[in-house]
J.: 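Take a look at the following structure, please.
Every number for a ligand or one of its atoms is a count from 1 in the order of the listing. All residue numbers in this chain count up from 1 along the given sequence.
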Amino acid sequence: MNEIISDKQHEVSDTTSNSGSTDGTVKHDKALIFEMSREGRKAYSLPPCDVAAVPAESLIPEKLLRKKPAELPQVYEVDVIRHYTALSRRNFGIDNGFYPLGSCTMKYNPKINEDVARFPGFAKIHPYQPESTIQGALELLYTLQNDLAAITGMDQVTLQPAAGAHGEWTGLMMIRAYHESRGERRTKVIVPDSSHGTNPASATVAGFETVTIPSGPDGLVDLDALRAAAGQDTAALMLTNPNTLGLFEEQIVDIAAIVHEAGGLLYYDGANSNAIMGIARPGDMGFDVVHLNLHKTMSTPHGGGGPGAGPVGVKAFLAPFLPKPLVIRAADGTYSFDYDKPQSIGRVKAYYGNFGILVRAYTYIRSYGPEGLRTVSENAVLNANYMLRRLAPYFDVPYDRVCKHEFVLSGKNLKKLGVRTLDVAKRLLDFGYHPPTIYFPLNVEECIMIEPTETESKETLDGFIDTMIRIVKEAQENPELVTNAPYTTAVRRLDETQAARKPVLNCTCG
Ligand SMILES: *Cc1c(COP(=O)(O)O)cnc(C)c1O
(Lines give C-alpha, C1' and ligand atoms only; values in the text may rest on other atoms or scores of the structure.)
Protein backbone atom coordinates (compact mmCIF):
# COMPACT_ATOMS: atom_id res chain seq x y z
CA MET A 1 0.00 0.00 0.00
CA ASN A 2 1.50 3.34 -0.93
CA GLU A 3 1.32 6.64 0.83
CA ILE A 4 -1.40 8.13 -1.27
CA ILE A 5 -3.90 5.73 0.27
CA SER A 6 -4.13 7.35 3.66
CA ASP A 7 -1.93 9.22 6.03
CA LYS A 8 -3.78 7.70 8.95
CA GLN A 9 -3.10 4.25 7.64
CA HIS A 10 -0.80 3.19 10.44
CA GLU A 11 -3.36 4.12 13.05
CA VAL A 12 -6.24 2.45 11.37
CA SER A 13 -4.50 -0.67 10.18
CA ASP A 14 -2.67 -1.80 13.26
CA THR A 15 -5.80 -3.44 14.60
CA THR A 16 -6.40 -5.40 11.43
CA SER A 17 -4.31 -7.47 9.17
CA ASN A 18 -4.94 -5.47 6.01
CA SER A 19 -6.14 -8.33 3.97
CA GLY A 20 -9.73 -7.40 3.41
CA SER A 21 -11.55 -8.96 0.52
CA THR A 22 -14.56 -7.77 -1.35
CA ASP A 23 -16.86 -10.71 -0.57
CA GLY A 24 -17.32 -9.96 3.11
CA THR A 25 -14.83 -12.46 4.47
CA VAL A 26 -11.64 -11.72 6.32
CA LYS A 27 -8.94 -13.76 4.67
CA HIS A 28 -6.51 -14.01 7.50
CA ASP A 29 -6.36 -12.73 10.99
CA LYS A 30 -4.25 -14.15 13.72
CA ALA A 31 -6.97 -13.46 16.25
CA LEU A 32 -9.64 -15.72 14.74
CA ILE A 33 -10.38 -18.05 17.54
CA PHE A 34 -11.52 -21.21 15.78
CA GLU A 35 -8.37 -21.23 13.69
CA MET A 36 -6.26 -20.88 16.84
CA SER A 37 -7.87 -23.94 18.40
CA ARG A 38 -5.57 -26.87 19.26
CA GLU A 39 -6.76 -30.14 20.76
CA GLY A 40 -6.47 -30.17 24.55
CA ARG A 41 -5.77 -26.47 25.18
CA LYS A 42 -7.77 -24.83 27.95
CA ALA A 43 -8.43 -21.29 29.12
CA TYR A 44 -9.08 -22.36 32.72
CA SER A 45 -7.59 -24.44 35.47
CA LEU A 46 -9.87 -25.94 38.09
CA PRO A 47 -9.02 -28.13 41.10
CA PRO A 48 -10.01 -31.81 40.77
CA CYS A 49 -13.70 -32.39 41.54
CA ASP A 50 -14.06 -33.65 45.11
CA VAL A 51 -17.83 -34.20 45.29
CA ALA A 52 -19.54 -37.44 44.32
CA ALA A 53 -20.43 -37.16 40.66
CA VAL A 54 -24.16 -37.31 39.84
CA PRO A 55 -24.66 -38.87 36.41
CA ALA A 56 -26.01 -36.22 34.02
CA GLU A 57 -28.64 -38.70 32.77
CA SER A 58 -30.37 -38.65 36.15
CA LEU A 59 -30.81 -34.84 36.01
CA ILE A 60 -31.38 -34.13 32.31
CA PRO A 61 -33.86 -36.04 30.16
CA GLU A 62 -32.15 -38.36 27.67
CA LYS A 63 -33.46 -36.51 24.62
CA LEU A 64 -31.87 -33.24 25.74
CA LEU A 65 -28.43 -34.71 26.34
CA ARG A 66 -25.67 -33.86 23.86
CA LYS A 67 -24.70 -36.73 21.61
CA LYS A 68 -21.21 -35.33 20.96
CA PRO A 69 -19.23 -32.56 22.66
CA ALA A 70 -19.95 -28.96 21.60
CA GLU A 71 -17.52 -27.74 18.96
CA LEU A 72 -15.86 -25.05 20.98
CA PRO A 73 -12.43 -23.63 20.26
CA GLN A 74 -9.73 -25.05 22.51
CA VAL A 75 -7.44 -22.15 23.30
CA TYR A 76 -5.38 -20.59 26.08
CA GLU A 77 -6.72 -17.80 28.25
CA VAL A 78 -4.52 -15.15 26.62
CA ASP A 79 -5.83 -16.17 23.18
CA VAL A 80 -9.43 -15.68 24.30
CA ILE A 81 -8.60 -12.25 25.66
CA ARG A 82 -6.76 -11.25 22.51
CA HIS A 83 -9.57 -12.49 20.33
CA TYR A 84 -12.22 -10.41 22.05
CA THR A 85 -9.96 -7.39 22.40
CA ALA A 86 -9.20 -7.52 18.66
CA LEU A 87 -12.91 -7.71 17.87
CA SER A 88 -13.71 -4.80 20.17
CA ARG A 89 -11.09 -2.66 18.44
CA ARG A 90 -12.76 -3.19 15.11
CA ASN A 91 -15.86 -1.46 16.39
CA PHE A 92 -16.02 2.19 15.60
CA GLY A 93 -17.49 4.30 18.38
CA ILE A 94 -17.65 7.84 19.63
CA ASP A 95 -14.71 6.98 21.90
CA ASN A 96 -12.56 6.09 18.86
CA GLY A 97 -13.16 9.09 16.69
CA PHE A 98 -15.34 11.70 15.07
CA TYR A 99 -18.84 10.45 14.30
CA PRO A 100 -20.73 13.08 12.26
CA LEU A 101 -23.66 10.85 11.29
CA GLY A 102 -26.56 13.23 10.73
CA SER A 103 -29.92 12.85 12.47
CA CYS A 104 -29.35 9.63 14.42
CA THR A 105 -26.00 10.91 15.64
CA MET A 106 -24.12 9.45 18.57
CA LYS A 107 -23.66 12.52 20.69
CA TYR A 108 -22.03 13.14 24.04
CA ASN A 109 -22.04 10.10 26.31
CA PRO A 110 -20.45 11.24 29.57
CA LYS A 111 -18.86 8.38 31.48
CA ILE A 112 -20.31 9.63 34.75
CA ASN A 113 -23.78 8.81 33.42
CA GLU A 114 -22.65 5.22 32.95
CA ASP A 115 -21.39 5.11 36.54
CA VAL A 116 -24.64 6.50 37.90
CA ALA A 117 -26.75 4.01 35.93
CA ARG A 118 -24.71 1.25 37.55
CA PHE A 119 -25.30 2.38 41.15
CA PRO A 120 -26.66 -0.72 42.91
CA GLY A 121 -29.72 1.24 44.07
CA PHE A 122 -30.63 1.70 40.40
CA ALA A 123 -29.17 -1.36 38.72
CA LYS A 124 -30.10 -4.03 41.27
CA ILE A 125 -33.73 -3.23 42.08
CA HIS A 126 -36.62 -5.37 40.92
CA PRO A 127 -39.50 -3.80 39.00
CA TYR A 128 -42.03 -5.45 41.30
CA GLN A 129 -40.35 -4.48 44.56
CA PRO A 130 -42.74 -2.75 47.04
CA GLU A 131 -43.00 0.95 46.22
CA SER A 132 -41.88 1.88 49.74
CA THR A 133 -38.46 0.33 49.03
CA ILE A 134 -37.81 2.14 45.73
CA GLN A 135 -38.75 5.72 46.61
CA GLY A 136 -35.45 7.05 45.20
CA ALA A 137 -35.99 5.40 41.80
CA LEU A 138 -39.58 6.66 41.71
CA GLU A 139 -38.46 10.17 42.59
CA LEU A 140 -36.00 10.03 39.70
CA LEU A 141 -38.76 8.96 37.28
CA TYR A 142 -41.15 11.59 38.60
CA THR A 143 -38.55 14.35 38.33
CA LEU A 144 -37.57 13.25 34.83
CA GLN A 145 -41.23 13.28 33.72
CA ASN A 146 -41.46 16.87 34.91
CA ASP A 147 -38.09 17.96 33.51
CA LEU A 148 -38.95 16.63 30.07
CA ALA A 149 -42.34 18.31 30.22
CA ALA A 150 -40.61 21.60 31.05
CA ILE A 151 -38.01 21.22 28.28
CA THR A 152 -40.65 20.44 25.62
CA GLY A 153 -43.45 22.72 26.85
CA MET A 154 -45.84 19.83 27.48
CA ASP A 155 -48.07 19.11 30.48
CA GLN A 156 -47.47 15.41 31.15
CA VAL A 157 -44.94 12.82 30.03
CA THR A 158 -44.81 9.03 29.84
CA LEU A 159 -41.38 7.43 30.07
CA GLN A 160 -42.46 4.01 28.80
CA PRO A 161 -41.66 3.93 25.07
CA ALA A 162 -38.33 2.26 24.30
CA ALA A 163 -37.32 4.27 21.20
CA GLY A 164 -38.28 7.22 19.03
CA ALA A 165 -40.32 5.05 16.69
CA HIS A 166 -42.08 3.48 19.67
CA GLY A 167 -42.83 6.97 20.98
CA GLU A 168 -44.28 7.95 17.60
CA TRP A 169 -46.58 4.96 17.66
CA THR A 170 -47.58 5.67 21.28
CA GLY A 171 -48.33 9.30 20.43
CA LEU A 172 -50.38 8.35 17.38
CA MET A 173 -52.37 5.80 19.38
CA MET A 174 -53.24 8.58 21.84
CA ILE A 175 -54.23 10.87 18.96
CA ARG A 176 -56.43 8.09 17.64
CA ALA A 177 -58.02 7.51 21.05
CA TYR A 178 -58.63 11.26 21.37
CA HIS A 179 -60.43 11.56 18.02
CA GLU A 180 -62.44 8.42 18.74
CA SER A 181 -63.46 9.78 22.17
CA ARG A 182 -65.00 12.71 20.32
CA GLY A 183 -66.79 10.43 17.89
CA GLU A 184 -64.60 11.52 14.98
CA ARG A 185 -63.18 9.20 12.38
CA ARG A 186 -59.94 10.67 11.12
CA THR A 187 -57.82 8.34 9.04
CA LYS A 188 -54.94 10.34 7.63
CA VAL A 189 -51.55 11.44 8.92
CA ILE A 190 -49.67 14.08 6.92
CA VAL A 191 -45.86 13.97 6.71
CA PRO A 192 -43.46 16.12 4.66
CA ASP A 193 -41.26 14.35 2.10
CA SER A 194 -38.19 15.08 4.25
CA SER A 195 -39.62 13.10 7.17
CA HIS A 196 -37.75 10.27 8.82
CA GLY A 197 -38.83 6.83 7.59
CA THR A 198 -40.19 5.92 11.00
CA ASN A 199 -42.91 8.62 10.70
CA PRO A 200 -44.93 7.02 7.90
CA ALA A 201 -44.10 3.57 9.31
CA SER A 202 -45.49 4.45 12.76
CA ALA A 203 -48.58 6.03 11.19
CA THR A 204 -49.22 2.84 9.23
CA VAL A 205 -48.73 0.58 12.25
CA ALA A 206 -51.12 2.81 14.23
CA GLY A 207 -53.76 2.19 11.55
CA PHE A 208 -53.53 5.49 9.64
CA GLU A 209 -52.99 6.26 6.00
CA THR A 210 -49.97 8.46 5.28
CA VAL A 211 -50.23 11.52 3.07
CA THR A 212 -46.83 12.85 1.96
CA ILE A 213 -46.56 16.52 1.05
CA PRO A 214 -43.64 17.94 -0.97
CA SER A 215 -41.28 20.47 0.56
CA GLY A 216 -41.02 23.89 -1.05
CA PRO A 217 -37.86 25.03 -2.87
CA ASP A 218 -36.59 26.39 0.46
CA GLY A 219 -36.68 22.90 2.02
CA LEU A 220 -39.55 23.86 4.32
CA VAL A 221 -43.18 22.77 4.48
CA ASP A 222 -45.09 24.18 1.52
CA LEU A 223 -48.10 25.87 3.15
CA ASP A 224 -50.29 25.56 0.05
CA ALA A 225 -49.57 21.83 -0.19
CA LEU A 226 -50.41 21.53 3.51
CA ARG A 227 -53.66 23.49 3.09
CA ALA A 228 -54.63 21.22 0.21
CA ALA A 229 -53.89 18.07 2.22
CA ALA A 230 -55.49 19.09 5.55
CA GLY A 231 -59.18 18.32 5.95
CA GLN A 232 -61.88 16.50 7.85
CA ASP A 233 -60.03 13.21 7.62
CA THR A 234 -56.72 14.62 8.98
CA ALA A 235 -55.78 13.02 12.29
CA ALA A 236 -52.38 14.68 12.60
CA LEU A 237 -49.35 16.26 10.99
CA MET A 238 -46.01 14.78 12.01
CA LEU A 239 -43.12 17.20 11.86
CA THR A 240 -39.50 17.44 12.89
CA ASN A 241 -38.40 20.98 13.68
CA PRO A 242 -35.68 21.68 12.73
CA ASN A 243 -36.41 19.24 9.95
CA THR A 244 -34.08 16.57 8.65
CA LEU A 245 -32.42 19.12 6.34
CA GLY A 246 -31.37 20.94 9.52
CA LEU A 247 -33.72 23.83 8.69
CA PHE A 248 -36.07 25.47 11.16
CA GLU A 249 -39.69 25.61 10.01
CA GLU A 250 -40.09 29.36 10.38
CA GLN A 251 -43.80 29.25 9.58
CA ILE A 252 -44.52 26.77 12.34
CA VAL A 253 -47.22 28.94 13.91
CA ASP A 254 -49.08 29.13 10.58
CA ILE A 255 -48.56 25.41 10.04
CA ALA A 256 -50.07 24.69 13.46
CA ALA A 257 -53.04 26.94 12.71
CA ILE A 258 -53.78 25.18 9.40
CA VAL A 259 -53.75 21.73 11.01
CA HIS A 260 -55.72 22.77 14.10
CA GLU A 261 -58.35 24.55 12.01
CA ALA A 262 -58.86 21.31 10.11
CA GLY A 263 -59.38 19.55 13.46
CA GLY A 264 -56.08 17.64 13.37
CA LEU A 265 -53.32 17.53 15.96
CA LEU A 266 -49.61 18.29 15.70
CA TYR A 267 -47.04 15.63 16.44
CA TYR A 268 -43.44 16.69 17.09
CA ASP A 269 -40.67 14.24 16.21
CA GLY A 270 -38.10 15.33 18.79
CA ALA A 271 -35.06 13.55 17.36
CA ASN A 272 -33.55 16.92 16.57
CA SER A 273 -34.12 18.48 20.00
CA ASN A 274 -30.43 19.12 20.50
CA ALA A 275 -30.85 22.07 18.14
CA ILE A 276 -33.39 23.89 20.29
CA MET A 277 -33.11 22.73 23.92
CA GLY A 278 -33.41 25.67 26.27
CA ILE A 279 -34.13 28.02 23.34
CA ALA A 280 -37.52 27.05 21.91
CA ARG A 281 -40.22 24.57 22.96
CA PRO A 282 -42.47 22.50 20.72
CA GLY A 283 -45.34 23.14 23.13
CA ASP A 284 -45.04 26.87 22.45
CA MET A 285 -44.91 26.29 18.69
CA GLY A 286 -48.34 24.65 18.78
CA PHE A 287 -47.47 20.97 19.02
CA ASP A 288 -49.81 18.71 21.00
CA VAL A 289 -47.63 15.59 21.27
CA VAL A 290 -43.83 15.30 21.42
CA HIS A 291 -41.41 12.43 21.63
CA LEU A 292 -37.77 12.74 22.60
CA ASN A 293 -35.04 10.27 21.68
CA LEU A 294 -33.19 10.27 24.98
CA HIS A 295 -30.54 7.97 23.50
CA LYS A 296 -29.75 10.61 20.88
CA THR A 297 -30.16 13.87 22.74
CA MET A 298 -29.39 13.01 26.36
CA SER A 299 -26.54 10.48 26.29
CA THR A 300 -26.63 6.65 26.22
CA PRO A 301 -24.51 4.92 23.60
CA HIS A 302 -26.96 3.49 21.07
CA GLY A 303 -25.01 1.88 18.26
CA GLY A 304 -26.21 -1.36 16.74
CA GLY A 305 -29.84 -0.74 17.62
CA GLY A 306 -29.04 -0.87 21.34
CA PRO A 307 -31.37 0.19 24.11
CA GLY A 308 -33.14 3.53 23.88
CA ALA A 309 -35.92 5.58 25.41
CA GLY A 310 -38.56 7.58 23.59
CA PRO A 311 -40.63 9.41 26.23
CA VAL A 312 -43.78 11.12 24.98
CA GLY A 313 -45.15 14.41 26.27
CA VAL A 314 -48.68 15.64 25.69
CA LYS A 315 -50.80 18.70 26.31
CA ALA A 316 -53.27 18.39 29.20
CA PHE A 317 -56.27 17.51 27.01
CA LEU A 318 -54.46 14.34 25.88
CA ALA A 319 -53.20 13.32 29.34
CA PRO A 320 -56.12 10.92 30.06
CA PHE A 321 -54.94 8.76 27.15
CA LEU A 322 -51.31 8.38 28.33
CA PRO A 323 -50.04 4.84 28.90
CA LYS A 324 -50.34 3.66 32.47
CA PRO A 325 -48.85 3.68 35.03
CA LEU A 326 -47.45 7.18 35.52
CA VAL A 327 -45.41 8.04 38.58
CA ILE A 328 -47.23 10.42 40.93
CA ARG A 329 -46.31 12.22 44.13
CA ALA A 330 -48.70 12.37 47.07
CA ALA A 331 -49.12 15.43 49.29
CA ASP A 332 -46.92 13.78 51.95
CA GLY A 333 -44.08 13.43 49.44
CA THR A 334 -44.33 9.69 48.78
CA TYR A 335 -44.13 8.42 45.22
CA SER A 336 -46.23 5.68 43.65
CA PHE A 337 -47.43 4.26 40.36
CA ASP A 338 -50.82 5.52 39.23
CA TYR A 339 -52.86 2.88 37.41
CA ASP A 340 -56.12 4.77 37.76
CA LYS A 341 -56.47 5.96 34.18
CA PRO A 342 -59.67 4.60 32.64
CA GLN A 343 -59.09 6.22 29.20
CA SER A 344 -55.43 5.14 28.97
CA ILE A 345 -54.28 3.43 25.78
CA GLY A 346 -52.75 0.84 28.16
CA ARG A 347 -49.22 -0.25 28.82
CA VAL A 348 -46.82 0.07 25.89
CA LYS A 349 -43.73 -1.51 27.43
CA ALA A 350 -42.95 -4.12 30.06
CA TYR A 351 -42.55 -2.53 33.48
CA TYR A 352 -41.83 1.23 33.24
CA GLY A 353 -39.55 1.75 30.24
CA ASN A 354 -35.79 1.27 29.89
CA PHE A 355 -34.92 2.44 33.36
CA GLY A 356 -31.13 2.55 32.87
CA ILE A 357 -31.49 4.93 29.93
CA LEU A 358 -33.80 7.14 31.99
CA VAL A 359 -31.17 7.32 34.74
CA ARG A 360 -28.58 8.48 32.20
CA ALA A 361 -30.94 11.16 30.84
CA TYR A 362 -31.73 12.35 34.36
CA THR A 363 -28.01 12.61 35.13
CA TYR A 364 -27.43 14.45 31.85
CA ILE A 365 -30.09 17.04 32.62
CA ARG A 366 -28.99 17.46 36.25
CA SER A 367 -25.31 17.90 35.39
CA TYR A 368 -25.99 20.49 32.66
CA GLY A 369 -28.83 22.43 34.23
CA PRO A 370 -31.02 24.75 32.14
CA GLU A 371 -28.19 27.06 31.04
CA GLY A 372 -26.00 24.10 30.13
CA LEU A 373 -28.69 22.56 27.94
CA ARG A 374 -29.04 25.83 26.10
CA THR A 375 -25.27 25.97 25.55
CA VAL A 376 -25.36 22.43 24.11
CA SER A 377 -27.83 23.56 21.45
CA GLU A 378 -26.00 26.80 20.73
CA ASN A 379 -22.69 25.01 20.18
CA ALA A 380 -24.30 22.26 18.10
CA VAL A 381 -25.71 24.94 15.78
CA LEU A 382 -22.47 26.93 15.73
CA ASN A 383 -20.38 23.88 14.79
CA ALA A 384 -22.78 22.88 12.03
CA ASN A 385 -22.76 26.35 10.48
CA TYR A 386 -18.96 26.57 10.65
CA MET A 387 -18.64 23.27 8.85
CA LEU A 388 -21.30 24.13 6.27
CA ARG A 389 -19.60 27.40 5.38
CA ARG A 390 -16.19 25.80 4.98
CA LEU A 391 -17.51 22.89 2.86
CA ALA A 392 -19.95 24.91 0.75
CA PRO A 393 -17.40 25.84 -1.99
CA TYR A 394 -16.64 22.16 -2.67
CA PHE A 395 -20.10 20.58 -2.89
CA ASP A 396 -23.57 21.38 -4.16
CA VAL A 397 -25.49 23.04 -1.32
CA PRO A 398 -29.19 22.43 -1.96
CA TYR A 399 -30.40 24.81 0.78
CA ASP A 400 -27.79 27.49 1.21
CA ARG A 401 -28.85 29.27 4.35
CA VAL A 402 -28.23 29.24 8.08
CA CYS A 403 -28.77 25.72 9.40
CA LYS A 404 -29.48 24.35 12.84
CA HIS A 405 -27.54 21.39 14.32
CA GLU A 406 -27.03 19.58 11.00
CA PHE A 407 -26.96 20.31 7.28
CA VAL A 408 -27.11 18.54 3.96
CA LEU A 409 -24.75 18.69 1.01
CA SER A 410 -25.29 17.09 -2.36
CA GLY A 411 -22.59 15.11 -4.17
CA LYS A 412 -24.18 15.96 -7.54
CA ASN A 413 -21.04 17.80 -8.68
CA LEU A 414 -18.91 14.68 -8.03
CA LYS A 415 -21.35 12.38 -9.79
CA LYS A 416 -20.29 14.00 -13.05
CA LEU A 417 -16.76 12.76 -12.33
CA GLY A 418 -18.02 9.22 -11.75
CA VAL A 419 -17.75 9.50 -7.97
CA ARG A 420 -20.87 8.91 -5.92
CA THR A 421 -21.73 9.96 -2.39
CA LEU A 422 -21.28 6.33 -1.34
CA ASP A 423 -17.67 6.48 -2.57
CA VAL A 424 -16.96 9.60 -0.52
CA ALA A 425 -18.37 7.84 2.55
CA LYS A 426 -16.21 4.77 1.91
CA ARG A 427 -13.11 6.91 1.37
CA LEU A 428 -13.64 8.66 4.72
CA LEU A 429 -13.13 5.28 6.41
CA ASP A 430 -9.50 5.29 5.27
CA PHE A 431 -8.94 8.42 7.32
CA GLY A 432 -10.50 7.03 10.48
CA TYR A 433 -13.83 8.88 10.27
CA HIS A 434 -17.31 7.48 10.66
CA PRO A 435 -19.09 8.65 7.50
CA PRO A 436 -22.03 11.05 7.65
CA THR A 437 -25.55 9.85 6.87
CA ILE A 438 -25.90 9.36 3.12
CA TYR A 439 -28.87 9.24 0.74
CA PHE A 440 -31.17 10.66 3.42
CA PRO A 441 -33.34 12.75 3.41
CA LEU A 442 -34.71 11.25 0.23
CA ASN A 443 -35.61 14.59 -1.35
CA VAL A 444 -31.94 15.54 -1.91
CA GLU A 445 -30.01 13.88 -4.73
CA GLU A 446 -26.70 12.23 -3.68
CA CYS A 447 -27.39 13.51 -0.19
CA ILE A 448 -24.67 13.84 2.46
CA MET A 449 -26.08 14.78 5.85
CA ILE A 450 -23.60 16.00 8.43
CA GLU A 451 -24.05 16.61 12.14
CA PRO A 452 -20.84 17.62 13.87
CA THR A 453 -22.39 17.83 17.39
CA GLU A 454 -21.49 20.30 20.12
CA THR A 455 -18.61 18.51 21.79
CA GLU A 456 -15.96 18.54 19.06
CA SER A 457 -12.95 20.86 19.07
CA LYS A 458 -12.21 23.22 16.19
CA GLU A 459 -9.19 21.06 15.33
CA THR A 460 -11.40 17.98 14.96
CA LEU A 461 -13.88 19.88 12.80
CA ASP A 462 -11.06 21.27 10.64
CA GLY A 463 -9.49 17.82 10.31
CA PHE A 464 -12.72 16.38 8.95
CA ILE A 465 -13.34 19.36 6.66
CA ASP A 466 -9.80 19.15 5.24
CA THR A 467 -10.28 15.45 4.59
CA MET A 468 -13.55 16.08 2.76
CA ILE A 469 -11.81 18.71 0.62
CA ARG A 470 -8.96 16.29 -0.05
CA ILE A 471 -11.46 13.65 -1.22
CA VAL A 472 -13.08 16.17 -3.60
CA LYS A 473 -9.64 16.89 -5.08
CA GLU A 474 -8.95 13.16 -5.38
CA ALA A 475 -12.27 12.76 -7.19
CA GLN A 476 -11.16 15.42 -9.68
CA GLU A 477 -7.63 14.10 -10.20
CA ASN A 478 -7.85 10.35 -9.64
CA PRO A 479 -11.47 9.20 -9.29
CA GLU A 480 -10.56 5.50 -9.07
CA LEU A 481 -8.74 6.19 -5.84
CA VAL A 482 -12.08 7.19 -4.35
CA THR A 483 -14.31 4.67 -6.10
CA ASN A 484 -12.12 1.75 -4.94
CA ALA A 485 -11.93 2.87 -1.30
CA PRO A 486 -11.66 1.81 1.48
CA TYR A 487 -8.15 0.38 1.60
CA THR A 488 -7.32 0.26 5.30
CA THR A 489 -10.30 -1.51 6.81
CA ALA A 490 -10.59 -5.17 7.81
CA VAL A 491 -12.96 -5.76 4.91
CA ARG A 492 -13.28 -3.79 1.70
CA ARG A 493 -16.63 -3.07 0.00
CA LEU A 494 -19.32 -5.44 1.07
CA ASP A 495 -22.58 -6.46 -0.43
CA GLU A 496 -24.27 -4.76 2.50
CA THR A 497 -27.52 -6.68 2.23
CA GLN A 498 -25.74 -10.01 2.17
CA ALA A 499 -23.38 -8.94 4.94
CA ALA A 500 -26.35 -8.19 7.20
CA ARG A 501 -28.45 -11.21 6.21
CA LYS A 502 -25.74 -13.84 5.81
CA PRO A 503 -22.71 -12.66 7.73
CA VAL A 504 -19.54 -14.72 7.23
CA LEU A 505 -18.02 -14.71 10.66
CA ASN A 506 -15.32 -17.33 10.40
CA CYS A 507 -12.01 -17.42 8.59
CA THR A 508 -11.91 -18.77 5.07
CA CYS A 509 -8.14 -18.99 4.91
CA GLY A 510 -6.38 -20.04 1.75
C1 LIG B 1 -33.78 8.49 14.89
C2 LIG B 1 -34.94 9.19 14.41
C3 LIG B 1 -36.23 8.64 14.58
C4 LIG B 1 -36.46 7.26 15.15
O5 LIG B 1 -35.97 7.10 16.43
P6 LIG B 1 -35.48 5.70 17.00
O7 LIG B 1 -35.15 5.99 18.42
O8 LIG B 1 -34.30 5.27 16.18
O9 LIG B 1 -36.63 4.73 16.86
C10 LIG B 1 -37.30 9.40 14.17
N11 LIG B 1 -37.14 10.59 13.57
C12 LIG B 1 -35.92 11.14 13.38
C13 LIG B 1 -35.81 12.50 12.72
C14 LIG B 1 -34.78 10.46 13.78
O15 LIG B 1 -33.56 10.99 13.59
J.: Can you list the steps and then say if R427 with R470 is a side-chain contact (heavy atoms from CB on, under 4.5 Å)?
T.: CA-CA 10 Å; R427 184 67 177 129; R470 171 177 170 160; 4.2 Å; yes
J.: Can you tell me which residue among T300, T297, L373 is in a side-chain contact (heavy atoms from CB on, under 4.5 Å) with Y364?
T.: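 Only one of T300, T297, L373 forms a side-chain contact (heavy atoms from CB on, under 4.5 Å) with Y364, namely L373.
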J.: Short N/O distance, under 3.5 Å, between D269 and ligand 1?
T.: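 Yes, since at least one N or O of D269 sits under 3.5 Å from an N or O of ligand 1.
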J.: Can a donor-acceptor pair be found, under 3.5 Å and without considering hydrogens, that links the side chain of S195 to the backbone of P192?
T.: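 Confirmed, S195 side chain pairs with P192 backbone.
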J.: Considering heavy atoms of the protein only, find what lies nearest to atom 6 (P) of ligand 1 and give residue, atom and distance to 0.1 Å.
T.: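 Looking at atom 6 (P) of ligand 1, the protein heavy atom closest to it is G164 N, 3.4 Å.
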J.: Measuring from atom 3 (C) of ligand 1, which candidate in K296, E451, E406 has the nearest non-hydrogen atom?
T.: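 Selected option, by shortest heavy-atom distance: K296.
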J.: What protein heavy atom lies closest to atom 5 (O) of ligand 1? Include the residue and the distance to one decimal.
T.: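 Heavy-atom neighbour on the protein nearest atom 5 (O) of ligand 1: N293 ND2, 2.8 Å.
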J.: I'd like to know whether D462 forms a side-chain contact (heavy atoms from CB on, under 4.5 Å) with E459, so could you lay out the CA-CA distance, the side-chain angles of the two residues, the decisive distance to 0.1 Å, and finally the verdict.
T.: CA-CA 5 Å; D462 284 334; E459 289 72 23; 5.7 Å; no
J.: Under 3.5 Å, N or O to N or O, is N199 touching ligand 1 that way?
T.: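 No, there is no polar N/O contact under 3.5 Å.
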J.: Hey, is the main chain of Y178 close enough, under 3.5 Å, to the side chain of R182 for a donor-acceptor pair?
T.: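 Looks like no, no N/O pair under 3.5 Å.
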J.: Evaluate the ring pair (Phe, Tyr, Trp, His ring centres under 6.0 Å) criterion for residues Y351 and F355: first the C-alpha distance (whole Å), next the side-chain angles of each, then the deciding distance (0.1 Å), finally the verdict.
T.: CA-CA 9 Å; Y351 309 121; F355 182 65; over 10 Å; no
J.: With a heavy-atom distance limit of 4.0 Å, tell me whether H166 approaches ligand 1 through its side chain, its backbone, both, or neither.
T.: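 Neither; no heavy atom under 4.0 Å.
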J.: At what distance is the nearest protein heavy atom to atom 9 (O) of ligand 1, and which residue and atom is it?
T.: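 I find the closest protein heavy atom is A165 N, 2.8 Å.
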J.: Numbering the atoms of ligand 1 from 1, which are under 4.0 Å from a heavy atom of S103?
T.: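 The list of qualifying atoms is 13 (C), 14 (C), 15 (O).
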J.: For A271, take its heavy atoms, then give the atoms of ligand 1 lying under 4.0 Å from any of them.
T.: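 Those atoms are 2 (C), 11 (N), 12 (C), 13 (C), 14 (C), 15 (O).
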J.: Between N385 and C403 (side chain of the first, backbone of the second, donor and acceptor by atom type, cut-off under 3.5 Å), is there such a pair?
T.: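 Side chain of N385 to backbone of C403: a pair is present.
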J.: Which residues pass the side chain to side chain donor-acceptor pair (under 3.5 Å) test with Q498, sequence neighbours left out?
T.: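 Listed in chain order: nothing, the list is empty.
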J.: Taking 4.0 angstrom as the limit and counting only heavy atoms of A163, give me the atoms of ligand 1 inside it, by number and element.
T.: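 Selected atoms, number and element: 7 (O), 9 (O).
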J.: Can you sort out which atoms of ligand 1 are near T198, meaning under 4.0 Å from one of its heavy atoms?
T.: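 So the atoms of ligand 1 that pass are 3 (C), 4 (C), 10 (C), 11 (N).
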J.: What do you reckon, does T240 have a nitrogen or oxygen under 3.5 Å from a nitrogen or oxygen of ligand 1?
T.: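 Between T240 and ligand 1 (N or O atoms, distance only) the closest approach is not under 3.5 Å.
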